[in-house]
Amino acid sequence: MSAGLRAFAPRRVFRIVGIIAALMLTVIPLALSRAQQAPPASGRRFRADSSWVRVWVRGAKDEPDLFVEPRQLIVTDSVVAVLDLGTREVIALSTDSGRTRFTLAAKGEGPGEFKRPARLVNTTSLIGVLDHATSRLTMFNARGVMARDTPLPDASNVEGACGFSDGSVLVKVAGVRNALRVVDSVGRTLRQRALPGHDLNRPPPTFATAAHLAGPMSKHRCALVPSYGRWWYTTDARGTTIAHPYVEPGADVVVRVASSALDKSWRGEVRKETQTSAASPIARGALHIGDTVVVQAGATKRSAHRLLDYYLISNGHYLYSRTLPVAFTALAVGPDGTFYGAVIGDEVSWVVALRPTTRKAGLR
């Protein structure tokens with residue numbers, strides 16, 4: 001080989017190596033950026049459910065006037081209570097057959113009465129009706145007889161409640177700094193605290209801190225399930241809170257605020273403030289059965305509004321998921337695992353009892 005060729009060979013090798021290195025520096029970051037942008041796998045495991053078996057249905061074509069707007073269900077003992085906002089009634093059905101046990105109608109403001117029922121609250125054996133008109137929580141037994149009345153401050157802002165056997169209630173209040181409050185059986189606030197991870201110095205946006213409560217469960221604990229974000233919590237009457245991750249994390253809410261003038265005069269002006277966000281709720285409800293919390297998933301990659309995610313209460317460990325046959329307006333679960341769902345239709349609204357059947361043991 002000549003001296004010129006010997007001198008050229010190393011330079012050619014170095015040039016080729018340099019080109020390869022440049023390509024790697026270009027391709028690798030691009031691949032990494034695409035990997036970071038790709039949605040993470042949710043990691044859900046689905047039970048081997050072959051079908052949902054219908055136990056009974058009420059409000060079908062043969063009885064279209066039974067329900068108008070069933071918005072909430074709770075189960076206690078052998079009764080499933082239905083809050084119908086269209087008629088302002090609470091209709092108690094037998095969990096076994098669906099037959100009507102009793103009906104509580106809006107009558108007045110006296111003991112055991114209500115005028116504008118807004119939410120149902122249950123303990124292990126009582127049905128509670130939260131009345132916005134009287135700011136009162138009235139508890140009834142499984143026969144429809146009043147057990148007690150409890151004054152509840154800020155009743156119009158309560159968006160979730162969890163009742164304990166001693167008569168105290170943990171409530172989630174919307175749009176305030178101390179959103180979690182424990183109220184005793186005579187309406188006194190025993191303790192209050194902010195939602196986990198939120199600023200104590202300013203009231204957070206109402207929708208951004210929306211959350212659901214489920215329980216009570218073992219050791220007087222309740223499940224606190226925020227509609228947005230990456231975590232759900234177990235909490236007790238003392239305020240002890242433990243965080244657990246969702247199996248499919250949701251987005252943290254970034255609130256955009258817009259302000260506009262509605263009316264101007266020499267005395268001043270009236271302005272309107274609008275808060276919006278592009279985030280969708282990752283959770284739309286919470287239930288509990290035995291030692292398990294069941295989260296009704298919201299904006300998910302699969303079967304939006306029809307997924308149920310099961311978590312162990314003791315440590316927050318994700319267990320498995322199920323897919324509902326329809327997106328129910330309201331959902332409750334009994335101690336035997338039977339689900340009770342409400343659907344509001346254009347002409348007919350109905351409540352159905354369902355049981356999941358398993359094709360074979362284990363997960364698929």
Side-chain angles (χ1 to χ4, degrees), residues 29-30 32-44 71-72 85 118-119 132 153-161 171-181 192-214 223-233 235 241 243-265 267-286 295-307 309 327-331 344:
L30 180 61
L32 289 175
S33 65
R34 288 181 178 176
Q36 292 172 354
Q37 292 172 5
S42 65
R44 280 191 173 88
R71 284 289 177 182
Q72 194 177 6
L85 292 184
R119 183 169 295 277
H132 277 181
D154 286 338
S156 60
N157 292 322
V158 171
E159 61 179 11
V171 296
K172 162 66 174 66
V173 183
V176 297
R177 294 180 180 88
N178 293 311
L180 293 177
R181 301 177 182 175
Q192 55 187 356
R193 57 160 297 174
L195 287 173
H198 288 280
D199 190 357
L200 281 170
N201 297 319
R202 58 179 180 177
T206 301
F207 75 91
T209 59
H212 313 274
L213 283 173
L224 174 65
V225 178
S227 298
Y228 302 90
R230 300 173 179 274
W231 306 85
W232 66 276
Y233 307 86
T235 184
T241 303
H244 310 287
Y246 287 119
V247 62
E248 182 176 341
D252 294 323
V253 176
V254 177
V255 179
R256 298 176 180 85
V257 180
S259 181
S260 60
L262 295 180
D263 185 29
K264 292 183 179 181
S265 67
R267 294 181 178 179
E269 66 177 8
V270 178
R271 301 190 66 83
K272 175 184 178 181
E273 185 178 277
T274 304
Q275 299 176 346
T276 59
S277 176
S280 298
I282 194 64
R284 59 186 298 263
V295 175
Q296 296 174 251
T300 58
K301 303 178 184 68
R302 170 177 175 175
S303 303
H305 306 296
R306 290 174 50 205
L307 285 182
D309 295 328
F328 290 106
T329 305
L331 194 67
I344 300 175

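These numbers were taken from a predicted model, which means no experiment stands behind them.
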Quick one: are V295 and Y246 in side-chain contact, heavy atoms under 4.5 Å?
yes
Using modelled atom types only, decide if a donor and an acceptor are shared between the side chain of E248 and the backbone of K301 within a distance under 3.5 Å.
yes
Distance-only polar pair, side chains of T235 and R193, donor-acceptor under 3.5 Å
no
Of all heavy-atom pairs between R230 and P249, which one has the smallest distance, and what is that distance?
NH1-CB, 3.6 Å
Sorted by chain and residue number, the side chain to side chain contact (heavy atoms under 4.5 Å, CB included) partners of T274 (sequence neighbours excluded) come out as K272, T276
All salt bridge (charged side-chain N to carboxylate O under 4.0 Å, His left out) counterparts of R271, not counting sequence neighbours
E269
Any residue meeting ring pair (Phe, Tyr, Trp, His ring centres under 6.0 Å) with H212, in chain and number order, not counting sequence neighbours:
none
Mind checking whether P226 and I282 have side chains closer than 4.5 Å, heavy atoms only?
no
Report the residues that fulfil side chain to side chain contact (heavy atoms under 4.5 Å, CB included) with E159, sequence neighbours left out, ordered by chain and then residue number.
R119, K172, A174, A210
Rounded to the nearest 0.5 angstrom, the CZ-CD distance for F328 and Q296 is 10.0 Å
Would you say that R44 contacts R302 through its side chain, given a criterion of any heavy-atom pair below 4.5 Å between the two side chains?
no
P196 to T241 - nearest heavy-atom pair and separation
CG-CG2, 3.6 Å
What are the two closest heavy atoms between L224 and A211, and how far apart are they?
CD1-CB, 3.7 Å
Closest non-hydrogen contact found for V171 with A161 is CG1-CB, 4.1 Å
Where do I344 and T329 come nearest, in terms of heavy atoms and distance?
N-OG1, 3.4 Å
Sequence neighbours left out, what passes salt bridge (charged side-chain N to carboxylate O under 4.0 Å, His left out) with R181? Give chain and number order.
D154
Heavy-atom side-chain contact between D309 and T300 under 4.5 Å:
no
I'd like to check Q192 versus L180 (side-chain heavy atoms, cut-off strictly below 4.5 Å). Are they in contact?
no
Going by side chain to side chain contact (heavy atoms under 4.5 Å, CB included), name the residues that satisfy it together with A243, two or more places apart in sequence or in a different chain.
W231, Y233
Residue set satisfying side chain to side chain contact (heavy atoms under 4.5 Å, CB included) with S303, at least two apart, ordered chain then number -> R306, L307, T323
Identify the two heavy atoms, one from V225 and one from A283, that lie closest to each other, and give their separation to 0.1 Å.
CG1-CB, 3.7 Å
